[in-house]
2 protein chains.
Amino acid sequence: MRDKNKMEKEKTDKKDHILDVAERVFAELGYDGASTRVISGEAGVNMAMLNYYFGSKEGVFLAIFDRRISTFQSVLLSIGNDESTSWWEKLDKYIDSYVEKVINNNCFHVMLHREISKSKKTELTDQITGIIMKNVSVLQDIVDGGIKSGEFSKDADPQFIVATVFGTKSYIVNTPHISSVIIGYDVMDAKNQDEKLKPRLKTYLKKLLKAYLQNENDNK
Amino acid sequence: MRDKNKMEKEKTDKKDHILDVAERVFAELGYDGASTRVISGEAGVNMAMLNYYFGSKEGVFLAIFDRRISTFQSVLLSIGNDESTSWWEKLDKYIDSYVEKVINNNCFHVMLHREISKSKKTELTDQITGIIMKNVSVLQDIVDGGIKSGEFSKDADPQFIVATVFGTKSYIVNTPHISSVIIGYDVMDAKNQDEKLKPRLKTYLKKLLKAYLQNENDNK
DNA sequence: TTTTATTAATCAATCGATTAATTAGTTTTG
DNA sequence: CAAAACTAATTAATCGATTGATTAATAAAA
């Protein structure tokens, strides 16, 4: 029984290792650009193991999704449902959690963003859209609630604010060659992400939204 | 002479037609996902013509770049070099020109963004990075100039502002399935783009930057 | 005639996937 | 307990299909 659990654990670890590598390679080269040979090679396993474990290349891709999605949503949803805080506090909490989560899993989100950017609708893009929309709605509801309550400016464009939050993050994380030049350090480096990028992005987004949401009336 | 010009015109039209189709297919399927057979097939020309005209698949890709970039940069560069206007006016002009240009050529920018989002460095990504940075630098210089002159807040984060401008636009244009749900109409529709999306995005970005760049001091 | 444009056929390379054979690990049996 | 039987994991080799690119032959234009 103990040995059996040990083996299953090792098997899970091995599958997880393959998915880790595949996730990175997909982010690096794109779905079509990433060959099963490169993925298996970098993971240090035989190419046939991908099909043995996940059935196909697309199976690997979907397995990456299943693994991340479950943990991705729970955190943000709890913030939206917390009735005890003000709308400003909710907004700050959302930004903190979102930036933290999304930069920790940056490879996954690069992969996600690239796939959803395909203009042709497929079953997969519909699925991804639904998943993303759940997280989008939380922020959308916070902004709408803040405006209705009078805490945020009535003249704000709540829908484009959402695009700004997700878009700013996506631009920095998804175009590392550009943003690294703009910002001045390697945004793909884990240490830079933790020590510099995360706190700076959190601070910036909060200030940006605060300026736009509370002072827009004064500028008319 | 007249016939010769006529022929060269037709040849140019044919090349342009191929590039139009290739640009759309690249945006739909990605660089790796778009085969030369599909491109030539949809363009209605023999596959070998792609190599005859452009040398290679990458040559087609770069030809699309050359065609767009030349006109794209001149407009923005002229704004950056216009010394007669204030920094606020420069910023507004830049946003107007950028939004107009980028939504008109949305296929090209989807293609561009997708390729540059590959984190692995290649000769191609280096080339794209260089091209994009020219346009980024113009906005960067405007923001930096405005801050130095005292027109913009000293506490602003000039580098992340750039990410916000390009990121907000990219999120709306590059994830049409998401943004169409958020905004409430089809962002890929040309009529919606001209009548609704462009003016709204211009107004929004100007207000957003104005609020952040001039009032941040008051919020400390 | 000479140059340019266009075609169909084909190239080697690489793709994702599968096979049969082999190893390792587990369970059953005498 | 140990040998045999069985299952799961892993490998090397190879499959047909598709990729980007090239060829030689032909058509059109100069």
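A, B, ... follow the sequence lines: proteins, then strands. Residue 1 opens every chain. Everything numeric in this text was worked out from a predicted model, so none of it was measured.
The separation between B:Leu50 atom CG and D:dT19 atom P is 13 Å, rounded to whole Å. Rounded to a whole Å, the OH atom of B:Tyr52 is 17 Å from the P atom of C:dA8. Atom CE of B:Met49 is separated from atom C1' of D:dA27 by 12 Å (rounded to the nearest Å).
Residues from residues 23-34 of chain A lying near DNA chain C, meaning a heavy-atom separation below 4.0 Å, are A:Ala34 in numerical order.
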Just distance, no hydrogens or angles: give the donor-acceptor pairs under 3.5 Å from side chains in residues 169-180 of chain B, sequence neighbours left out.
unit_1   : atom_1 : unit_2   : atom_2 : d
B:Ser170 : OG     : B:Phe166 : O      : 2.9
B:Asn174 : ND2    : B:His113 : ND1    : 3.2
B:Thr175 : OG1    : B:Tyr171 : O      : 2.5
B:His177 : NE2    : A:Ser119 : O      : 3.3
B:Ser179 : OG     : B:Ile172 : O      : 2.8
B:Ser179 : OG     : B:Thr175 : O      : 3.1
B:Ser180 : OG     : B:Pro176 : O      : 2.7
B:Ser180 : OG     : B:Val187 : N      : 3.1

Please tabulate the protein-to-nucleotide N/O contacts below 3.5 Å involving nucleotides 17-21 of chain C, giving atom names and distances.
unit_1 : atom_1 : unit_2  : atom_2 : d
C:dA17 : OP2    : A:Lys57 : N      : 2.8

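With sequence neighbours excluded, the residues satisfying ring-ring contact (aromatic ring centres under 6.0 Å, His included) with B:Phe152 are B:Trp88. Every side chain to side chain donor-acceptor pair (under 3.5 Å) that A:Lys206 has, sequence neighbours left out, goes to A:Asp96. Among residues two or more places apart in sequence or in another chain, the ring-ring contact (aromatic ring centres under 6.0 Å, His included) test is passed with B:Phe65 by B:Phe61, B:Phe108. B:Glu115 pairs by the side chain to side chain donor-acceptor pair (under 3.5 Å) definition with B:Lys118, not counting sequence neighbours.
B:Asp20 has a carboxylate O that lies under 4.0 Å from a charged side-chain N of B:Arg67, or vice versa, which qualifies the two as a salt bridge.
Listed by first and then second residue, the salt bridge (Lys or Arg N to Asp or Glu O under 4.0 Å) pairs involving residues 130-146 of chain B amount to none (not counting sequence neighbours). Every pair tested for salt bridge (Lys or Arg N to Asp or Glu O under 4.0 Å) that includes a residue from residues 170-186 of chain B fails, sequence neighbours excluded, so the list is empty.
The shortest distance between the side-chain N/O atoms of B:Lys14 and the OP1/OP2 oxygens of C:dT6 is below 4.0 Å.
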